[in-house]
Number of protein chains: 2
Amino acid sequence: MDKNNRLQSNPMNKGSHSLGRLFLQLRRLERQPQNFGNAGSITPSEIHTIEGIGYEGAILMNELATHLGVTKGAVSQLIVRLEAKQLVMRSSYPHDSRAILISLTEKGKEAYKAHEEMHIQFYDQLRSELSQEEIEIFEKCIEKLNGFLQK
Amino acid sequence: MDKNNRLQSNPMNKGSHSLGRLFLQLRRLERQPQNFGNAGSITPSEIHTIEGIGYEGAILMNELATHLGVTKGAVSQLIVRLEAKQLVMRSSYPHDSRAILISLTEKGKEAYKAHEEMHIQFYDQLRSELSQEEIEIFEKCIEKLNGFLQK
DNA sequence: TAATTATAGTTTAGCATCTAAACTTATTGT
DNA sequence: ACAATAAGTTTAGATGCTAAACTATAATTA
């Protein structure tokens, strides 16, 4: 295509463009089911849910919805599927009989750990190509981004 | 919940955790339709498509699919919708009568520009809270990430 | 040249993910 | 006790994607 025809060729905006490509990559990743442990194929939404549960140990549907940034209805549906796959289990919450505590089964914990291991390896790979100082600045930037997007 | 029960409490992994939260934020963002220009409500997939077209000026279905990292079928469906919204138009490609060139209508260009403007403002906001050096390191890290995820 | 193979794009069926809203059941506040 | 609120479930419908079958054109090869 004719590159002179581009609507945008602002050189100041190169960083924004890299970020844009990263978004597309992440969108692609977030569509790809994967195997974690021997739990079979797990979709991105499922693994995020497992991550949220595993991080807390046990969590209410409510809290999980807030953590994931989705409605309680969405979480309810996910938990049905994860329970069917025997990755999570429900138990009652002593202080409020309406509430339901979700926790990981042994199989779920395996998947959780395999996923964490993957994260750690990924991060190690990044660390191996950057200095300690660069990593710290990167993390600071990520925190800033998190702050902006919070709203 | 009992924080001592956490499956993961590795302090070395804090950066990975921030990155995880960023992913969740982005997932949430990427579900939210927005208004750009006076083109009405535009979904994330639609705006990514418009961005890909606008950046090149005119592009083949084929190339667009590669750029977005989706199948040609997905692009075909998106273009149908964007054409119905009068944001893009099809024209024939001189060298190959099978191929179809997609470009933006005036309304599409408006949406494109409004979206770019948003990106630039977002990036300016980030820049205002970081030093020039920090920005450069951040961009380097983004490039690294892009490299990793390419595979 | 005629037949085969490859390529560009479209269409369709089906899956995954989510929301909004209606619903059930339990809790809280007056 | 009663009304309002809160936790979770269910359902219908939107979105966004893939895989695979399909049409039409182009390129290759026998």
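Both A:H95 and A:G69 lie close to DNA chain C; mapped to their nearest nucleotides by heavy-atom distance, the more 5′-ward contact belongs to A:G69. The 5' end of DNA chain D is approached more closely, in terms of each residue's nearest nucleotide, by B:A74 than by the other of B:A74 and B:R98. Judged by closest nucleotide on DNA chain D, A:N62 is the one of B:D96 and A:N62 placed further toward the 5' end. With DNA chain C read from its 5' end, the first of the two nearest nucleotides for A:S97 and A:E30 is the one closest to A:E30.
What separates NE2 of A:H67 from C1' of D:dA7 is a distance of 19 Å, to the nearest Å. One interatomic measurement links the two molecules: CG of A:L82 to P of D:dG8, which rounds to 16 Å at whole-angstrom precision. Between A:E63 atom CD and D:dA7 atom C1' the separation is 12 Å, expressed in whole Å. Rounded to a whole Å, the CZ atom of B:R31 is 9 Å from the C1' atom of C:dT19. What separates CD1 of B:I79 from P of C:dT10 is a distance of 8 Å, to the nearest Å. Between the CE atom of B:M61 and the P atom of C:dT11 there is a distance of 10 Å, given to the nearest Å. Here the P atom of nucleotide C:dG9 and the CG atom of B:L68 are 13 Å apart, to the nearest Å. Computed from coordinates, the A:L64 CG to D:dT9 P distance equals 11 Å when rounded to whole Å.
Remark: the A:Q77 side chain and the C:dT19 base include a donor-acceptor N/O pair separated by less than 3.5 Å.
Between B:H17 and A:Y55, the ring planes are parallel. Angles under 30° get that label, and only those over 60° would be called perpendicular.
Nearest heavy atoms, B:C141 versus A:E134: SG-O, 4.4 Å.
With D:dT5, D:dA26, D:dT9 as the candidates, the nucleotide lying closest to the side chain of A:R90 is D:dT9. Listed nucleotides D:dA7, D:dT18, D:dT15 differ in distance to B:R81; the shortest reach to its side chain belongs to D:dT15.
Nucleic acid contact class of A:S76 (heavy atoms, under 4.0 Å, all strands): base. The residue A:A99 sits close only to the backbone: its heavy atoms come under 4.0 Å of sugar-phosphate atoms, none of a base. At a threshold of 4.0 angstrom between heavy atoms, the contacts of A:T71 include nucleobase atoms, whether or not backbone atoms are also involved.
Remark: side-chain polar atoms of A:K140 are not paired, donor with acceptor, to backbone N or O of B:L130 under 3.5 angstrom. Judged purely by atom type and a 3.5 angstrom limit, A:N35 has no side-chain atom pairing as donor or acceptor with the backbone of A:I42.
Phosphate contact (OP1/OP2 of D:dC17, side-chain N/O of A:R27, threshold under 4.0 Å): present. Taking side-chain N and O atoms only, A:S45 has a distance below 4.0 Å to OP1 or OP2 of C:dT17. Here A:R28 does not reach the OP1 or OP2 of D:dG16: none of its side-chain N or O atoms lies under 4.0 Å away. At least one side-chain nitrogen or oxygen of A:T43 sits closer than 4.0 Å to the OP1 or OP2 atom of C:dT17.
Within a 6.0 Å radius of CD in B:Q86, no more than 12 heavy atoms belonging to other residues, nucleotides or ligands are found.
Electrostatic pairing of A:E106 and A:K109 counts as a salt bridge here, judged by a charged N lying under 4.0 Å from a carboxylate O.
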